[in-house]
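Heads up: the structure comes next, in structure tokens.
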Protein chains: 2
Amino acid sequence: MKADTQAKDVKLKILDAAKKLFAQKGFEGTTVRQICDEAGVALALVSYHFGGKENVFYALFEAFTPEFLHKDYALAEPVEDLLSLIRDFARFRLAEPELINLLQQEIMMQSPRLDKVQPIVFALWKQLRAILQAGKATGQFEYESLKHTVHFVVGALIFTRNSSFFDQLLQEDGVQTNEDEETLIRYTSDFILGGLRYEKK
Amino acid sequence: MKADTQAKDVKLKILDAAKKLFAQKGFEGTTVRQICDEAGVALALVSYHFGGKENVFYALFEAFTPEFLHKDYALAEPVEDLLSLIRDFARFRLAEPELINLLQQEIMMQSPRLDKVQPIVFALWKQLRAILQAGKATGQFEYESLKHTVHFVVGALIFTRNSSFFDQLLQEDGVQTNEDEETLIRYTSDFILGGLRYEKK
DNA sequence: GTCTATACCTCGATAGAC
DNA sequence: GTCTATCGAGGTATAGAC
């Protein structure tokens with residue numbers, strides 16, 4: 001019992017460290033040593049608990065995959081559904097920026113590890129795709145290419161991040177830092193709905 | 001003379017191979033051996049011609065940086081400027097998808113190599129930022145947060161790519177493959193201008 | 001379960017023949 | 001200028017003490 005608890009703590013410490021480092025330096029750019037140092041545990045424990053660096057990666061997504069990915073949007077109200085999806089995704093991105101970051105890297109480089117993670121992302125994007133189709137059918141959304149529109153929406157959703165790289169360039173305006181979750185969601189929804197030519201009633 | 005020509009060929013072969021591999025597997029995930037194999041040259045030549053793997057990376061961006069980044073948009077006509085920028089970027093992305101890919105990876109993971117490449121990207125985004133501001137001043141663009149809007153636009157611009165990862169999911173509709181450059185540019189412009197609530201005259 | 005010490009491999013870079 | 005052979009550093013994974 002006590003042993004189990006200790007093990008869980010260590011596993012969690014490793015996962016947290018790996019999440020941070022993978023996002024920062026990529027999977028290949030991160031060493032097991034760095035992970036264990038960051039976690040404050042011995043080098044051997046990654047292999048002991050996970051069976052290798054690669055399995056840490058997979059465990060990361062199993063542990064942190066959000067529940068909303070399994071949610072089924074009704075498609076009866078495409079606008080409402082899209083707003084829900086934007087909100088769900090924005091919240092996940094705010095809660096787990098490193099995971100989004102890492103995922104985006106892996107997608108970009110078509111990593112071999114993607115095979116196992118693909119279903120998770122696909123679930124979300126298939127829903128987005130269905131919502132966009134439904135919205136076009138009801139005449140509420142206007143676009144020509146479904147494929148490209150999914151790209152645009154995903155791009156807008158995923159790229160909105162607090163990267164110091166950007167902030168260097170972009171901080172120097174209205175100084176509206178510390179905006180809350182709801183504000184960010186509104187900005188995102190406004191832009192995307194505009195891109196879909198949805199007219200607010 | 002002949003020696004120079006040969007050297008140039010080898011350097012170019014290495015750059016091409018590195019471009020492809022870096023985009024595919026990331027900088028850290030690519031080995032010098034892989035680069036040389038892909039280029040069909042001996043292992044030692046990366047060090048001989050470039051002085052190390054890291055310098056191959058920098059040479060890549062010096063060699064392939066597009067001229068339009070140095071273009072100055074007039075800002076008298078924000079809509080026209082934005083359309084030009086979208087067009088310029090889309091063309092670059094179609095011509096050099098690997099470079100965009102690699103750049104995005106590096107940005108995501110805030111790589112130490114970014115310091116030397118940062119100015120290139122900043123040049124473009126600063127222009128985008130200025131155009132968005134100008135368009136808001138003339139009342140043609142409508143948005144609340146400049147910072148987030150830049151994010152959205154960049155996201156839409158950068159994420160539109162022919163990735164087999166996406167196509168798996170998205171190929172199965174109108175079967176409008178092989179659309180040309182102009183069509184892609186129109187889709188992108190339509191979405192972004194919509195997001196900015198620009199009303200076509 | 002956790003640690004240290006180490007085996008074994010592959011990395012980037014270079015020396016030296018051609 | 002280009003090659004092969006090799007060095008030293010640093011990678012992952014594991015054996016064995018505690």
Side-chain angles (χ1 to χ4, degrees), chain A residues 1-60 63 102 105-106 109 111-113 116, chain B residues 1-61 63 102 105-106 109 111-114 116:
Chain A
M1 208 66 188
K2 176 125 184 280
D4 262 21
T5 308
Q6 282 178 344
K8 263 204 168 177
D9 281 351
V10 168
K11 286 179 89 168
L12 213 79
K13 275 195 283 187
I14 290 176
L15 284 178
D16 276 332
K19 183 169 63 169
K20 175 179 165 185
L21 290 168
F22 284 162
Q24 214 166 86
K25 306 150 71 70
F27 178 81
E28 319 262 11
T30 303
T31 72
V32 176
R33 268 181 244 272
Q34 290 170 331
I35 295 174
C36 292
D37 282 358
E38 176 79 26
V41 300
L43 173 66
L45 293 189
V46 158
S47 283
Y48 179 80
H49 284 294
F50 295 94
K53 178 176 157 186
E54 187 135 342
N55 289 114
V56 176
F57 178 88
Y58 297 127
L60 215 48
L102 175 56
Q105 287 175 39
E106 296 279 315
M109 59 178 77
S111 97
R113 296 168 292 284
K116 292 202 186 172
Chain B
M1 207 69 189
K2 175 122 184 282
D4 262 24
T5 309
Q6 282 178 344
K8 264 204 168 174
D9 280 351
V10 167
K11 286 179 89 167
L12 212 80
K13 276 196 284 187
I14 290 176
L15 283 178
D16 276 332
K19 184 170 63 169
K20 175 180 165 185
L21 290 168
F22 284 162
Q24 213 167 86
K25 306 149 69 70
F27 178 81
E28 319 262 11
T30 303
T31 72
V32 176
R33 282 177 172 82
Q34 290 170 331
I35 296 173
C36 292
D37 282 357
E38 176 79 24
V41 301
L43 172 65
L45 294 189
V46 157
S47 282
Y48 179 79
H49 284 294
F50 295 94
K53 177 177 159 185
E54 188 136 341
N55 290 112
V56 175
F57 178 88
Y58 297 126
L60 217 48
F61 283 92
L102 174 56
Q105 288 176 38
E106 296 280 315
M109 58 177 77
S111 96
R113 295 167 292 284
L114 213 58
K116 293 202 186 174

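First the proteins, then the strands, lettered A, B, ... as listed; each starts at 1. Just so it is clear, the values below take in all heavy atoms, side chains as well, and ignore hydrogens, waters and symmetry mates.
Atom C1' of nucleotide dT2(C) and atom NZ of Lys13(A) are separated by 11 Å, given to the nearest angstrom. Counting to the nearest Å, the P atom of dT4(C) and the CG atom of Asp37(A) are 11 Å from each other. As a whole-Å value, the separation of Ile35(A) CD1 from dT2(C) C1' is 18 Å. Glu28(A) places its CD atom 19 Å from the P atom of dG10(D), with the value rounded to the nearest Å. One can place CZ of Arg33(B) at 13 Å from P of dC7(D), the figure rounded to the nearest angstrom. For the pair Tyr48(B) OH and dA17(C) C1', the interatomic distance rounds to 15 Å; values are reported in whole Å. Going from atom CZ of Phe50(B) over to atom P of dA13(C) covers 13 Å, rounded to whole Å.
Taking for each of Leu45(A) and Gln34(A) the nucleotide of DNA chain D with the nearest heavy atom, the 5'-most of the two is the partner of Gln34(A). In terms of position on DNA chain D, the residue among Ala44(A) and Thr31(A) whose nearest nucleotide sits closer to the 5' end is Thr31(A).
The two atoms that bring Glu38(A) and Ala17(A) nearest to each other are CG-CB, 3.4 Å, heavy atoms only. The shortest non-hydrogen separation linking Thr30(B) to Ile35(B) is CG2-CG1, 3.7 Å.
Taking every side-chain heavy atom of Leu43(A) into account, dT6(C) is the closest of dT4(D), dT2(C), dT6(C). Nearest to the side-chain atoms of Lys53(B) among the listed nucleotides dA13(C), dA13(D), dT2(D) stands dA13(C). Looking at the side chain of Val32(B), the nearest of the listed nucleotides dT2(C), dA13(D), dA13(C) is dA13(C).
Backbone-only contact: Val41(A) has heavy atoms under 4.0 Å from sugar-phosphate atoms and none from a base.
Below 30°, between 30° and 60°, or above 60°: for Phe27(B) and Phe57(B) the angle between ring planes is above 60°, a perpendicular geometry.
Contact check on Arg113(B) versus Glu106(B) returns a salt bridge, with a Lys/Arg side-chain nitrogen under 4.0 Å from an Asp/Glu carboxylate oxygen.
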